[in-house]
2 protein chains.
Amino acid sequence: MSYPVFAVTVDLVVLTVREGRLHVLLVRRGCEPFLGRWALPGGFVRADEDLAAAARRELAEETGLDGPGGHLEQLASYGAPERDPRGRVVTVAYLALLPDLPVPTAGTDAAEAEWRPVGRLDLAFDHDRILADGLERARSKLEYTPLAAAFCPPAFTIAALRQVYEAVWGESLDPRNFHRKVTSTPGFVSPTGGTTEGEPGRPARLYRRGDATLLNPPLLRRKALDDRSE
Amino acid sequence: MSYPVFAVTVDLVVLTVREGRLHVLLVRRGCEPFLGRWALPGGFVRADEDLAAAARRELAEETGLDGPGGHLEQLASYGAPERDPRGRVVTVAYLALLPDLPVPTAGTDAAEAEWRPVGRLDLAFDHDRILADGLERARSKLEYTPLAAAFCPPAFTIAALRQVYEAVWGESLDPRNFHRKVTSTPGFVSPTGGTTEGEPGRPARLYRRGDATLLNPPLLRRKALDDRSE
DNA sequence: GCAATAGTGTCTTTAAGACAGTATTGG
DNA sequence: CCAATACTGTCTTAAAGACACTATTGC
């Protein structure tokens, strides 16, 4: 039995929160097709490489990050016949959530890499759609997992965690109710014992990620957007 | 720039509820590798075919179903280098939820097709893992979407819908509280006007799917299992 | 009548939303 | 002292859990 051949790529939706806004990592394409256009970072899966390994490799190449901290998960796959003019290419998209780190622009494939606030972007290929799916995934994951901490450094304040929610959801939350919810949900965060110093106002206690993987009950947005099927 | 070539398949986790238990559609493999072993239905994506179209085609081929009713969504992709002894094959798994229909065993690829209660199965390739991921997806989707109705015929009773939840989650729910929740959530179900006939006990009103896509607030399991990252 | 299943009402408990008030820093 | 931010407590409200009760059929 014979079958068609495909190329397989991984593309990354890399998100971070900086200056109170949600940003996505983009690269300017240095080769055809879509030369000069902005796109999600990504590349071909190698001959003997697992999909997740390819995603981790690309992430490390683009951001210089490889250790723990942050979060990487598979998002979805895209394989419309005309999505890449070079031929039949299926891409497996991954979603990465990272603390706000300076990005070493010295990526290997990309001419330039840059954090851009999410919004109306006009990306190469079907990357606008992939980004939209990644954003919706990130927004809904904050509801029922403690993953917001992936956007924070190892030790963070409750206020910083709340600002992550506010940036990702685009709505403001009551600091007092948020504090109560986070600290009273077992395994969401655990105190490090330290506090902030040198900030205006009363010093805040520092926390690290807890060991819970699921929030029960969840922390719901007011207006949940539609999810996407098929 | 050269890059490795892959074959791309779609595999289907097709679920239904029959006799109060959750069942998955399996086929016995009629060719190597894993000849004679049970596996998820699936096949190669054609040269000019979208991934979702391939999934719909395979579903139609295996179940004879093609119209509306039921639900089909992308689940995840699997591409470990050694997952298929024939070479580098990436599979895009889809999850289908169907009402309990007789399956015409005259599938094209498969020697036999059969509904099997979910549980300890020993499937070909990495299909045990794919099935486990599909089950977890189905379980969690019932929490925050009205998708349970995809397991039901076009008109159904609240009790039938509850039995779907009980089969998929493996726990029993209070019929009265369930009734209140379902009928008071806007867009979950809408009455057809009809009732059951000839059943023991008081006739039950019939409902069809509502137009909501999200349940807010959700209908939570007691014990949510871990989700799976990366 | 009785068994069976459908559907309603009510009380309790949990947790979210709103928001007053207290605590601890820097200036 | 005041401004600023962190944190606690209280009241109200929404909604789940438990469960008594009524409704409508077949026998």
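Chain letters run A, B, ... following the sequence lines, proteins first, then strands; residues in each count from 1. All values reported here derive from a predicted model rather than from experimental measurement.
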- Note on the structure: Checking D:dA6, D:dC7, D:dT5 against the side chain of A:R205 (C-beta onward), the nearest is D:dC7
- Task: In whole angstrom, give the distance that lies between atom CD of A:E199 and atom P of C:dG27.
- Result: 11 Å
- Message: Under 3.5 Å, is there any donor-acceptor pair linking the side chain of B:R176 to the base of D:dA20?
- Response: yes
- Query: side chain to side chain donor-acceptor pair (under 3.5 Å) with A:Y78: which of A:D133, A:D126, A:T9?
  - Reply: A:D133
- Message: In whole Å, I'd like the distance from the CG atom of B:L215 to the P atom of D:dA15.
- Response: 12 Å
- Message: Distance check needed: D:dT25 P versus B:R202 CZ, whole Å only.
- Response: 8 Å
- Note on the structure: Against the side chain of A:A204, the closest entry in C:dG7, D:dC7, C:dT24 is D:dC7
- Note on the structure: 5'-most contact on DNA chain D (nearest-nucleotide basis), A:N177 vs A:T157, goes to A:T157
- Whole-Å gap separating P (D:dA16) and CG (B:L219): 8 Å
- Could you work out which one of D:dT24, C:dA16, D:dC7 sits closest to the side chain of B:P203? D:dT24
Donor-acceptor contacts, no H, no angles, side chain residues 191-204 of chain A, under 3.5 Å, sequence neighbours left out:
residue : atom : partner : partner atom : Å
A:T192  : OG1  : A:G194  : N            : 3.1
A:T192  : OG1  : A:L206  : O            : 3.3
A:T196  : OG1  : A:A204  : N            : 2.9

- N/O donor-acceptor pair, side chain A:R180 with base C:dG17, under 3.5 angstrom: yes
- When you get a sec, tell me which of C:dA16, C:dA18, D:dA15 is the closest nucleotide to the side chain of A:P217? C:dA16
- Could you check whether the rings of A:W169 and A:Y165 sit parallel, tilted or perpendicular, using 30° and 60° as the cut-offs? perpendicular
- Atom pair distance, as rounded to whole Å: OH in A:Y144 and C1' in C:dA16: 21 Å
- Task: Could you check which of C:dC19, D:dT5, D:dA23 has an atom nearest any side-chain atom of A:D174?
- Result: C:dC19
- Task: Taking only the side-chain heavy atoms of B:I158 (C-beta and beyond), determine which of C:dG7, C:dA6, C:dT25 contains the nearest atom.
- Result: C:dG7
